[in-house]
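Note sheet for the following structure.
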Amino acid sequence: NAAIANNTPPREWTLRNIANMKAQMKRLGFAYDWSREVTTCLPEYYRWNQWFFVKLFEKGMAYRKKSKVNWCPKCCTVLANEQVVNGRCWRHEDTLVEQRELEQWFLRITQYAEELLRDLDKLAEWPEKVRTMQRNWIGRSEGTLVDFKLDGAPDSPESTITVFTTRVDTIYGATSVQLAPQHPLVARLTRNNDALRAQVDQLIAEQRKAKEVGDIGAIEKHGVNTHYFAVNPFNGERIPIWVANYILMDYGTGAIMSVPAHDERDFEFARKYNLKIRIVIVPRSVDPEETSVEPTLPFTTMNGTLVNSGPFSRLDCEEAITKMSAYAEKNGFGKATVTYRLKDWGISRQRYWGTPIPMLYCEKDGIVPVPEKDLPVILPENVDITLTGGSPLSRVPEFVNAICPKCGGPARRETDTMDTFVDSSWYFYRYTDAHNDRAPFDSKTVAYWFPIDQYIGGIEHAILHLIYSRFWTKFMRDMGLVKNDEPVERLFSQGMIIKGGAKMSKSLGNIVSPDEMIARYGADSARMYTLFATSPDRELDWLDEGVEGIRRTLARIYRFVARNAPAETQLAASQQAERATLPATSLQPEARKIQRKLHQTIKRVSDDFKGRWHFNTSIAAIMELVNELYAVEERAAHSPADVVPAQLWFEVQRDLVILLAPFAPHLAFELWEMLGEKGSLLRTPWPKYDPALAKEEEIAIPVQVNGKLRGLILVPVDSSQEAIHERALSAEKIKAAIAGKQVVKVIVVPGKLANIVVR
RNA sequence: GCCCGGGUGGCGAAACUGGCAGACGCACGGGACUUAAAAUCCCGGGGAGAUAAAACUCCGUACCGGUUCGAUUCCGGUCCCGGGCACCA
């Protein structure tokens, strides 16, 4: 391996690897996924991914465990849930997908669950919706673990059913225990009972099917009575043990206590199977002696008092939870605890392209990481990828057979590669120090640049990528590599582009090629249309029509400047425009109108850049300015007395071009030259907004009667509340509308509207 | 199912903090220019009723209900669409 690492020039190897991937994909008839070039074919990413992995392993943050996967026996590979169609492989319609248990590598992201949750509060400049999604994804929940014993069995850990509940106060109302079908105890209980085993297998199949459809909650809730009993440690009651298809092994402990009276799901289940229902919480009553209030079931609120609960009766729910948890802990059958929905991150992939996991298995020394000097472990070349015969890497003896760095004996190399989310968790750090060959990056350089000021990505990354990269940052901080707690200060999540009712993506193959649009309309029109179609945080339903309007607007701007650009003799006036703005008072009405519109446009465009990035409204504002320019040009042709001074005329064009530049840069640069400008457009300061020049002199204020629009009054812009009040009541139309009625109240919002309430 | 968004004219949308619903654009209709067409320029379009044409009246932001002088906006419920649900990345 060391030989491979040292003798292979990274760039050449990369290019060969990419060429190899393209050829293989073509041969197998798959769409070539270019995004994989970026991270999965670069040995330097392999090297540092592997370096990080070893650090994680050494800190106990990476571990192996068995986990269930979808397996296509024909492809001999793991399938993603979306690659399973009706229980069959997406490439082999006749092949049923199997469930297999594989040893896989996991990263202990759950160790950071609490901090990942807590620090969401620090991310003030992240969209609220993303923070909410992450909060729910981490899914912190406080509750109690309680041990139920299998009735009649000897006291041993194998006969203990630990349940997790957020409502231990309802435990006297537990009338059954429900286990996940994969629960270890279920295997034992069904060992000598084929009929029961078959029923449980049926439940597993239902669960799998639901997961495949992506609809865990949609399954009809089914259960099987094992006819075994568990003992409630609080009251010694024997209650039946059931196995249910809606209990998931990977959440909580894979076992729950069922309290039909006080949980909706349990209630539904108990009704279906005629299980006992016992009320142990009643609404908090004024008279503490009065306990006969029967709540409507299921009664799930915390605002209640315990009954039928032995020594805990008459306590309020909240207090009961604390006391009962403490009681369980004191007596050794439970304790208060916090669980998370967040699971550890499985990073093993049985694919060829990807960073090999740098681990060796030695018979004598066990699991041994590849020493740092031997990194990167890179992929062997010229591997024949077929759809049959198992993991490609495991069939390459030169790759698999290695030497144990500890004992020098033979070792087997790990053939799993890493999830590409690993690369994407830290790639942006590498950008600050891309040529470093001693470390993933230099800490000082990263300390200068990080955290990222502004990160932009699709909303579909709100959960996975953005949690993994936050986790990675926290791990690197604890290693002492970085100082920042969070990778990203400000996040912008753009909406997705939808075409034909689904997101546009490589895997769905419903992509609109920008090349085609650029060829037809030019890059400026194509770019500006995508910005104009909707605001970037919304999803956009893609339609090819509509680009025409943008092209037309750009042509209008071009023609306007071509007609009105300063001639040689006017350049002095044009340069004047750069320096000074004409005072509003010196202008004729038409000129003043243009000046006002210009400053209103500057404000609207500038605000969109500073604030919400709603560039569709910026472009609309520019269009309005252009329409106004055409109107003024037309009117000026008919009434020569109402002149627009040359200096203002040039100022407007100059500012228009600057405002246009971010949206249609090519055209803007062309127009900039046409205006006789010598300096660089890029270095020209953004136009200044002057509120005094943007101000309207008069505004029309709507007048409502009982909330219905009944007229408009024209008033000076800064009219007082009293003045508007008086004008509103004296307007002809309003007088007619309120004639014969009694005015109860008049609401005046200065600058907005007046509303007269009559009876 | 759960979590997060969204639903406004024929269409893409706007309305930023509860204050004139539909800015801007597409498509469409009318006019000007032209031998003609294209391009361009100008004008008009939420719906229904009324009118020669207007003033005008009513309805209207998925649906049902609430709060408010006033709701596209806030609250409760329902329906539909999109994203995520841990191996698409």
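A, B, ... follow the sequence lines: proteins, then strands. Residue 1 opens every chain.
As judged by a 4.0 angstrom heavy-atom cut-off over every strand, A:Glu633 is placed among residues making no nucleic acid contact. If you check every strand for non-hydrogen atoms under 4.0 Å, A:Glu624 touches sugar and phosphate atoms only. Residue contacts shown for A:Trp345 are absent, as no nucleic acid heavy atom lies under 4.0 Å away.
Between the side chains of A:Asp419 and A:Tyr468, no donor-acceptor pair is found at a separation under 3.5 Å.
B:U35 sits 44 Å from B:U51 when the P atoms are compared, rounded to a whole Å. Nucleotides B:U67 and B:C74 place their C1' atoms 8 Å apart, quoted to the nearest Å.
Counting atom types as modelled, A:Asn136 pairs no side-chain N or O with a base atom of B:C3 as donor and acceptor under 3.5 Å. In the interface, the side chain of A:Gln104 is paired with the base of B:C87 through a donor and an acceptor atom under 3.5 Å apart.
For B:A55, the base is syn relative to its sugar; the glycosidic angle is within 90° of 0.
One atom, NE2 of A:His465, and another, P of B:C85, lie 14 Å apart when rounded to the nearest Å.
For the pair A:Arg612 and B:A15, the criterion of a side-chain N or O lying under 4.0 Å from OP1 or OP2 is met. Dashed line: the shortest gap from a side-chain N or O of A:Lys68 to OP1 or OP2 of B:C87 is not under 4.0 Å. Phosphate contact (OP1/OP2 of B:G70, side-chain N/O of A:Lys752, threshold under 4.0 Å): absent. Phosphate proximity of B:C85 to A:Arg341: absent, as no side-chain N or O sits under 4.0 Å from OP1 or OP2.
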